[in-house]
Amino acid sequence: MSKPTKRDQAIAASIAGWFIENDRDFPWRTTPRNPYYALVSEAMLLQTQAARIAERFPVFIDRFPTVDSLAHADEQDVLAQWSGLGYYRRAKNLHRAAQRVVDEHDGVVPSDVESLLQLPGIGRYTAGSIASIAFDKPEPIVDGNVVRVLLRIEGADLPPTETATKKMLWERAETLVKSADSPAAFNEGMMELGATICTPRSPSCQECPVRTRCKAKKQGRQGEIPMPKPKPKQRIVHAASVVIRDKQGRMLIEKRDDSGMWAGLWQAPTVESDDKAPSKTMIKVIAGGKQIKRLNTFEHQTSHRTFHFTVYAAAPPSRRKAHQRWATDAQIRSLALARPQMRILLGDDGSG
DNA sequence: AAAACGTGGTT
DNA sequence: TAACCAAGTTT
């Protein structure tokens, strides 16, 4: 770590001071901060905008108010609380992390980065985040917001995903957080600044607490920094799901594999195929051999795939397959479902 | 090192 | 509208 300059100290003080006056009111921002809330909110916030989590966090906490309650919950119940949020591995990791906190740390969320890093789903960012925000320790954090803010402040036209760039950013973050009076306010301030002022496009530089010290602004290049990230390859997947109700109105559902996309979540009987839509024969097989009727189609976008879903209806088979079960609407609402299946099974398109 | 992993907001 | 990207981690 390099020695902080006068400019570094001024930047750290400006951003921490700005945050104290301009923090948004989120349910995990209690006074004082609750380390369990930090654990849960950080898991939810990975790659997800804070405004979206604001509605889901209180519901989750209502269901699992303490580390202990989360540790003793069924994994399916935790996953169910995650329905529609995506990256479902975060929920499994959070659940396991809570169990480890109970088993190995007497139910107290650890405050040091070393211990935090041992917990599943907690990497360098999250460990630093919990240590600094919940415990006010001078630990650096670098998330997408911090990358953008720091590269702009330095006017550094560097590829943000390169190892050398990341190394430099972590060092700058460390220098700055160690020169801040409140590491918590500085780190949260960096992210808040990136989320509300120093936005990816059309940043509000005139409202920025470090506008006089920002090299990108000085050069008028805040719109070009950071360079865009390379985007992942997209695959097209065709999926057919069959809605099957028995006489009592229950629906036939099955559990997905424990690995890969939507691991361990529930769905209507579904086939997927890469190149072209699944054959009618194949769909009838998963429908239990009865005649099928096409209901509707829709697209679903994920980070690496475009799904073309076709939804069918079929009469109930005389006998369900071993891996399938019948479930009432109420039961289905309490299961872990990915967005497309919420739509298929519950008629919930996510808009409400 | 690169790919997998979800879903929705913003411009 | 179609990019672009969000409080990243794991394999």
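FYI, side chains are in, hydrogens and waters are out, and symmetry mates aren't considered; it's all heavy atoms of this structure. Numbers restart at 1 for each chain; the letters A, B, ... are given by sequence-line order, proteins then strands.
- Looking at residues 119-132 of chain A, you'll see A/Pro120, A/Gly121, A/Ile122, A/Gly123, A/Arg124, A/Tyr125, A/Thr126 sit with a heavy atom under 4.0 Å from some atom of DNA chain C.
- Residue A/Lys233 is out of contact with every strand shown, counting any heavy-atom pair closer than 4.0 Å.
- Rounded to an integer number of Å, the gap from A/Gln234 CD to B/dC5 C1' is 12 Å.
- Applying the salt bridge (Lys or Arg N to Asp or Glu O under 4.0 Å) criterion to A/Arg333, with sequence neighbours excluded, gives no partner residue.
- For the pair A/Ser241 and A/Thr270, the tightest heavy-atom approach, listed with the atom from each and the gap, is OG-OG1, 2.7 Å.
- Each of A/Arg52 and A/Pro232 was matched to the nucleotide of DNA chain B holding its nearest heavy atom; the match closer to the 5' end belongs to A/Pro232.
- Spacing of P atoms, B/dG6 relative to C/dT11, comes out at 14 Å, to the nearest Å.
- For the P atom pair drawn from B/dC5 and C/dC4, the interatomic distance equals 23 Å after rounding to whole Å.
- No hydrogens or angles were tested; on distance alone, nothing pairs the side chain of A/Thr48 with the base of B/dG8 as donor and acceptor under 3.5 Å.
- Of the possible polar contacts, one joining the A/Arg152 side chain to the A/Ile225 backbone as a donor-acceptor pair under 3.5 Å is found.
- Taking 4.0 Å as the cut-off between side-chain N and carboxylate O, A/Glu272 and A/Arg256 count as a salt-bridged pair.
- Listed by residue number, A/Thr163 are the residues of residues 140-166 of chain A with a heavy-atom contact under 4.0 Å to DNA chain B.
- Taking 4.0 angstrom as the limit, A/His304 places a side-chain polar atom (N or O) nearer than this to OP1 or OP2 of B/dA4.
- For the pair A/Arg339 CZ and B/dG8 C1', the computed distance is 9 Å after rounding to whole Å.
- At least one donor-acceptor pair under 3.5 Å links the side chain of A/Asp246 to the backbone N or O of A/Gln248.
- A donor-acceptor pair is defined here as one N or O able to donate and one able to accept, closer than 3.5 Å; no such pair exists between the side chain of A/His323 and the backbone of A/Glu254.
- In this structure, the CZ atom of A/Arg235 is 12 Å from the C1' atom of B/dA3, given to the nearest Å.
- Looking at residues 73-101 of chain A, you'll see A/Gly84, A/Leu85, A/Gly86, A/Tyr87, A/Tyr88, A/Arg89 sit with a heavy atom under 4.0 Å from some atom of DNA chain B.
- When side chains are defined from C-beta on, A/Arg124 counts as touching A/Trp170, because their heavy atoms get closer than 4.5 Å.
- For the pair A/Asp157 and A/Arg221, the tightest heavy-atom approach, listed with the atom from each and the gap, is OD2-NH1, 3.3 Å.
- Chain A approaches DNA chain C within less than 4.0 angstrom (heavy atoms of the protein), and the contacting nucleotides run 5' to 3' from C/dA3 to C/dT10.
- The stretch residues 14-36 of chain A comes close to DNA chain C through A/Trp28, A/Arg29, each having a heavy atom under 4.0 Å from the strand.
- Residue pairs that meet the salt bridge (charged side-chain N to carboxylate O under 4.0 Å, His left out) test with at least one member in residues 171-183 of chain A, sequence neighbours left out, are A/Asp8-A/Arg172, A/Glu154-A/Arg172, A/Lys167-A/Glu171, A/Glu174-A/Lys178.
- In terms of the ring-ring contact (aromatic ring centres under 6.0 Å, His included) criterion, A/Phe19 has no residue partners (sequence neighbours excluded).
- Straight-line distance from the CG atom of A/Leu46 to the C1' atom of B/dA4: 15 Å, rounded to whole Å.
- Formation of a donor-acceptor pair under 3.5 Å by the A/Ser132 side chain with backbone atoms of A/Pro138 is not found in this model.
- Closest approach of A/Ile332 to A/Ile253, counting heavy atoms only: CD1-CG2, 4.2 Å.
- For DNA chain B, no neighbouring residue in residues 182-191 of chain A is found when judged by any heavy atom under 4.0 Å.
- At least one donor-acceptor pair under 3.5 Å links the side chain of A/Ser69 to the backbone N or O of A/Thr66.
- A/Asp77 places no side-chain N or O within 3.5 Å of a backbone atom of A/Leu335 that could act as its donor or acceptor partner.
- In this structure, CD of A/Gln47 is placed 15 Å from P of B/dA4, rounded to the nearest angstrom.
- Counting all heavy atoms, side chain and backbone alike, A/Ser129 lies closest to A/Ile141 at N-CG2, 3.2 Å.
- Counting only residues at least two apart or in different chains, side chain to side chain donor-acceptor pair (under 3.5 Å) contacts with residues 24-40 of chain A comprise A/Arg24-A/Glu192, A/Arg29-A/Glu188, A/Arg29-A/Glu192, A/Arg33-A/Glu188.
- Residues A/Phe135 and A/Pro35 meet the side-chain proximity criterion, which asks for heavy atoms closer than 4.5 Å.
- Of the residues in residues 256-271 of chain A, none has a non-hydrogen atom less than 4.0 angstrom from any atom of DNA chain C.
- The backbone N or O of A/Gly249 sits less than 3.5 Å from a side-chain atom of A/Arg245, completing a donor-acceptor pair.
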Trace of the side chain to side chain contact (heavy atoms under 4.5 Å, CB included) decision for A/Trp82 with A/Met44: CA-CA 9 Å; A/Trp82 219 266; A/Met44 286 190 168; 3.5 Å; yes
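- Residues A/Leu117 and A/Glu42 each lie close to DNA chain C; by heavy-atom proximity, the contact nearer the 5' end of the strand is made by A/Glu42.
- The nearest pair of heavy atoms linking A/Arg148 to A/Gly194 is NH2-O, 2.7 Å.
- Atom P of C/dA7 sits at a distance of 24 Å from the matching atom of B/dA3, rounded to the whole Å.
- Taking each heavy atom of A/Ala127 and A/Ile122 in turn, the nearest pair found is N-CG2, 3.5 Å.
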Sequence neighbours left out, cut at 3.5 Å: what donor-acceptor pairs do the side chains of residues 48-58 of chain A make with other protein atoms?
from	atom 1	to	atom 2	distance (Å)
A/Thr48	OG1	A/Leu46	O	3.0
A/Thr48	OG1	A/Arg90	NH1	3.1
A/Arg52	NH2	A/Gly84	O	3.4
A/Arg56	NH1	A/Gln81	O	2.9
A/Arg56	NH2	A/Ser83	O	2.2

